[in-house]
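Structure record follows, encoded as structure tokens.
Ligands are counted one by one from 1 in listed order, and the atoms in each one are counted from 1 as well.
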Amino acid sequence: MKVSFIQLAPVLGDVQATIRRIDRLIHRCEITDILVLPELCNSGYNFDSYEQAWETSEEVESSTFVRYLKSKCRQFNLYIVAGFNERDNGHLYNSAILIGPKGYIGKYRKLHLFMNERDYFEPGNVGLPVFDIGLCKIGMLVCFDWIFPEVWRILALKGAEIICHPSNLILPGFAQKAVPIHALINRVYIVTANRIGTEGDLSFTGLSTIANPKGEILLQASQEEEEVGIKSIDITMARDKMITHRNDLFGDRRPGEYALLTEDIVKD
Ligand code: ACM
């Protein structure tokens, strides 16, 4: 199977302009099975107010962006994971949505909000779902989630074989270093679709990455260019959790020693 990403700059507050940018490139992903797009792809990222975050959000059911992605999934027999500024029941969520040839499949809502995102979005409340699309099992994380090893591990324990990671990364190259390591220590594939460009005082770092369960970077985009990345992968590699013939990544865990991981640590 083949996976892909489109690295681009969504246009803040102009979903139609963003769709035009995607549309110039997406035909190249027709030969792939799964395409990952950046975080908050329907709206842009660096809002100047809550009002702007709200006005650029969409409900999944009535979204122009989702309608466009559905049509492309149908046309190209493709699965797409995209970052999505989601409005639901009077709240905003920084979500990742999964769409397939037969339509909308499901969502993840970002658990770990970065900087000003806290002023606009509610923290995620749908847990860490894994979706079986037949070809493989897909988990989703969004951008800053990268620094929390717990969520990668939980998705892997739940059977995710590919973790799709829409991003708007800002910190210089940190996540791009960590992603292959998360892939290695969970024996999963990871597709990080990052964005490029600047919005206000924020510059985004590109270097979208596809990493394999050996921790190898199969493909990395440039820092600043709009790019389509495509790679063939062997999904069976993500199903083999043996590290040596006597060491099973999951079987050798010692969860009884990990209780602290689920306790709240109160800072002074
Ligand atoms: C980020 O979470 N967008 C840095």
- request: With heavy atoms only and a cut-off of under 4.0 Å, state how Phe144 meets ligand 1: side chain, backbone, both or neither.
  value: both
task: Between Met115 and ligand 1, find which residue part has any heavy-atom pair under 4.0 Å and reply side chain, backbone, both or neither.
output: neither
Just which atoms of ligand 1 are under 4.0 Å from any heavy atom in [X]?
X      : answer
Glu39  : 1 (C), 3 (N)
Glu117 : 1 (C), 2 (O), 3 (N)
Tyr45  : 1 (C), 3 (N)

Assign the ring pair [X] / [Y] to parallel, tilted or perpendicular, where the plane angle (0 to 90°) is split at 30° and 60°.
X      : Y      : value
Tyr120 : Phe47  : perpendicular
Trp152 : His165 : perpendicular
Trp54  : Tyr50  : parallel

task: Could you tell me whether ligand 1 has any atom less than 4.0 Å away from a heavy atom of His112?
output: no
message: Would Lys110 count as a contact residue for ligand 1, given that I'm defining contact as a non-hydrogen atom of the residue lying under 4.0 Å from a ligand atom?
response: yes
- request: Would you please indicate yes or no on a ring centroid separation below 6.0 angstrom for Phe148 and His112?
  value: yes
field: Within the 6.0 Å centroid threshold, strictly below: Tyr93 and Phe84
entry: no
- prompt: Counting both backbone and side chain atoms, is some N or O of Cys143 under 3.5 Å from an N or O of ligand 1?
  reply: no
message: Check this for me, if you would: do Asp88 and Arg109 make a salt bridge, where the nitrogen-to-carboxylate-oxygen distance has to be below 4.0 angstrom?
response: yes
